> 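So that we are looking at the same thing, I have put the structure below in structure tokens.
Keep in mind that the numbers below use all heavy atoms, side chains included, and drop hydrogens, waters and symmetry copies. Residue numbers count from 1 along this sequence. As the structure is a computational prediction, the values presented were derived from the model and not from experiment.
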Amino acid sequence: MLALIFYLGITPLIMGSLITTRRYETGSVTWGYRYICGLMLSYTLFTILCIPMIRFEAPFHVLCMAYEIVTVIATLTGLVLFIRRRDWAISVEWKFDLAKVAPFILMALIVGFQMFRLFYFQEIEYRDDKTYFALVNDMLGSDKIYLTDPNNGQVYTSIFEANFKDMMDSWYPYAAFLSRVSHFHPLVICKTVLPPLILFWHYLILWIMGMFLFTQDATKTAWFVTICALINDMTRQLMVTSLIFLDWPVWGKNLVGTISVLLVLVIYMRRSVDSRKLNYLQMICAVTMGGFTSSMGLIAMPLEIGLLSLIEGVRKKRIIPIFEAIIYLLPAILGLGLLVLYRLNGVETFG
């Protein structure tokens, strides 16, 4: 349990100092934004280690050891900045009356109920669970990354026998890593720990978005998050997206829609807050997180950022946003390039 608190709580909060700045004015960096940035940075570091190790068939324990070393180094570096800049002392002026607590109570009740429902009432097996969770379990049992067929347990002789979607996916090795360091069974991680946590990340990103849209008005932001939560719940039986999001958020393809797409939008909106260099780092981390959480993200990220940069370029009558989008999309371009390369070598990509 302490390992989960460290890797999913303390480490992201401290590592967030590496790719954020310390600003006090409206729209400044908050604890929540720093935590989310640290979370995507830590996952990006894991992905940078994971994808090459999948290709060269490195043992799973080597990946875990390498990530632990990198995490310690990055955390210590972030801690120096955290202390040096007094990041814990960030204060943001919220324009709301403390007496008006109703929207905050309502938001906490609805979001808390959804998180509890995911924590306590998760189904044991459904749809793709038998494939995704078998992959996680096999990594721990065989000490191999994606070298076991999740359908029959057969061991592949080469990684190229695996599905391309697995070869480009670092999310399930990350879930296996969390299971390894916490000594929790993979099903406990994937069915009990991660689902409510992912839901919390989703609403935290919506909160950050609301605070930016409503100029740090926390009351309006609370209503904004509450309405989003109600829409998610009321459309749960009408829309497949809401149903999957609220019941099976731990699937990689769902993470792209509920976390990565929103995160890219928030960072794009907040570009005037941080320096251009930090904007590049934040966006590259977000695209890496989205593109290598699921193969669907390799398509979703270029579409989203391409559309945003096109709209901005037309509005400002400048071509610079297009060139910036290319820099943002470097991880996705690399992923798509590998897709084409593997396909030309006869690897089944999306079959």
> Roughly how far apart are Thr215 OG1 and Lys220 NZ, rounded to 0.5 Å?
7.5 Å
> Test Leu265 against Val261 for side chain to side chain contact (heavy atoms under 4.5 Å, CB included), laying out the working first.
CA-CA 6 Å; Leu265 183 58; Val261 171; 5.9 Å; no
> Can you see which heavy atom on Leu81 is nearest to which on Ser17, and at what distance?
CD1-O, 3.7 Å
> With sequence neighbours excluded, what pairs up with Phe116 under the ring pair (Phe, Tyr, Trp, His ring centres under 6.0 Å) test?
Tyr120
> Rounded to the nearest 0.5 Å, what separation is found between the CG atom of Leu281 and the CD1 atom of Ile19?
7.0 Å
> In the hydrophobic cluster built from side-chain contacts under 4.5 Å, what are the other members alongside Ile48?
none
> Mind listing the side-chain donor-acceptor pairs of residues 325-339 below 3.5 Å, one per line with the distance, residues two or more places apart or on another chain?
none

> Cys190 and Phe133: which non-hydrogen atoms are nearest, and at how many Å?
CB-CE2, 3.3 Å
> Would you kindly say whether Tyr43 and Ser170 are connected by a side-chain donor-acceptor distance under 3.5 Å?
yes
> Would you say Glu68 and Phe177 make side-chain contact, with heavy atoms under 4.5 Å?
yes
> How far apart are the closest heavy atoms of Pro103 and Thr219, and which atoms are they?
CG-CG2, 3.9 Å
> Test your reading of the model: is there a side-chain donor-acceptor pair from Asp233 to the backbone of Ala229, 3.5 Å cut-off?
no
> Do Leu307 and Met209 share a hydrophobic cluster, counting only Ile, Leu, Val, Met, Phe, Trp and Tyr and linking them when any side-chain heavy atoms are less than 4.5 Å apart?
no
> Taking all heavy atoms of Ser142 and all of Thr148, pick out the closest pair and write down the distance.
OG-OG1, 3.7 Å
> Determine whether more than 12 heavy atoms belonging to other residues, nucleotides or ligands lie under 6.0 Å from atom OH of Tyr156.
yes
> Under the rule for salt bridge (Lys or Arg N to Asp or Glu O under 4.0 Å), what residues qualify as partners of Glu304, not counting sequence neighbours?
none
> Contact between Ile110 and Val225 at the side-chain level, heavy atoms closer than 4.5 Å - yes or no?
no
> Under a 3.5 Å distance rule, please check whether Ser309 uses its side chain to pair with a backbone N or O of Ile322 as donor and acceptor.
no
> Can any side-chain N or O of Thr221 pair as donor or acceptor with the backbone N or O of Trp207 at less than 3.5 Å?
no
> Go through the structure and list residues passing side chain to side chain contact (heavy atoms under 4.5 Å, CB included) with Ala300, not counting sequence neighbours.
Val256
> Is the closest side-chain heavy-atom distance between Met40 and Ile267 below 4.5 Å?
yes
> Carefully, step by step, assess Asp217 and Met211 under the rule side chain to side chain contact (heavy atoms under 4.5 Å, CB included).
CA-CA 6 Å; Asp217 190 323; Met211 289 293 283; over 6 Å; no
> Give the cluster check for Phe60 versus Met65: same hydrophobic cluster or not, with ILVMFWY residues linked at side-chain heavy-atom distances below 4.5 Å.
no
> Looking at side-chain heavy atoms only, is the closest gap between Met139 and Pro173 below 4.5 Å?
yes
> Please identify each residue that fulfils side chain to side chain contact (heavy atoms under 4.5 Å, CB included) with Ser179, with sequence neighbours left out.
Leu140, Pro186, Ile189
> Any chain of hydrophobic side-chain contacts (each under 4.5 Å) joining Val80 to Leu41?
no
> Kindly give the cluster partners of Phe113, where membership spreads through any ILVMFWY side chain lying under 4.5 Å from a current member.
none
> Among all residues two or more places apart in sequence or in another chain, which pass the side chain to side chain donor-acceptor pair (under 3.5 Å) test with Tyr7?
none
> Roughly how far, to the nearest 0.5 Å, is CG of Leu106 from CH2 of Trp223?
5.5 Å
> If you define the side chain from C-beta out and look only at heavy atoms, does anything of Leu118 sit under 4.5 Å from Gln114?
no
> Can you find a heavy atom in the side chain of Tyr33 that is under 4.5 Å from one in the side chain of Val266?
yes
> Distance check, rounded to the nearest 0.5 Å: Leu135 atom CG versus Ile145 atom CD1?
12.0 Å
> Through direct or indirect side-chain contacts below 4.5 angstrom among Ile, Leu, Val, Met, Phe, Trp and Tyr, which residues connect to Val155?
none
> Are Leu8 and Val188 co-members of a hydrophobic cluster defined by side-chain heavy atoms under 4.5 Å apart?
yes
> Test side chain to side chain contact (heavy atoms under 4.5 Å, CB included) on Arg318 and Glu312; report intermediate values, then the result.
CA-CA 8 Å; Arg318 300 175 64 188; Glu312 184 181 10; over 6 Å; no
> Consider only side-chain heavy atoms of I, L, V, M, F, W and Y, link residues closer than 4.5 Å, and tell whether Val62 and Leu147 are in one cluster.
yes
> Only pairs under 3.5 Å count here: list side-chain donor-acceptor contacts from residues 69-79, not counting sequence neighbours, and write none if there are none.
residue	atom	partner	partner atom	Å
Thr71	OG1	Tyr67	O	2.7
Thr75	OG1	Thr71	O	2.6
Thr77	OG1	Ile73	O	2.8

> Compare all side-chain heavy atoms of Val264 with those of Met301 and state whether any distance is below 4.5 angstrom.
yes
> Would Asn137 and Tyr172 count as having a side-chain donor-acceptor pair, cut-off 3.5 Å?
no
> With side chain to side chain contact (heavy atoms under 4.5 Å, CB included) as the criterion, how do Val181 and Phe6 come out once you've worked through the C-alpha distance, each side chain's angles and the decisive distance to 0.1 Å?
CA-CA 10 Å; Val181 296; Phe6 177 75; over 6 Å; no
> Show the nearest heavy-atom pair for residues Leu4 and Ser182, with the distance to one decimal.
CG-CB, 3.7 Å
> How far does CG of Leu49 sit from CZ of Phe46, to the nearest 0.5 angstrom?
8.0 Å
> Can you name the side chain to side chain contact (heavy atoms under 4.5 Å, CB included) partners of Leu13, sequence neighbours left out?
Trp31, Tyr35
> Please report the shortest heavy-atom distance between Glu57 and Thr157, naming the atom on each side.
OE1-O, 4.4 Å
> Between Phe119 and Thr192, is there a side-chain heavy-atom distance shorter than 4.5 Å?
yes
> List for me each residue that meets side chain to side chain donor-acceptor pair (under 3.5 Å) alongside His61, sequence neighbours excluded, and say none if there are none.
Asp143
> CD of Gln282 to CG of Leu18: how many Å apart, nearest 0.5 Å?
11.5 Å
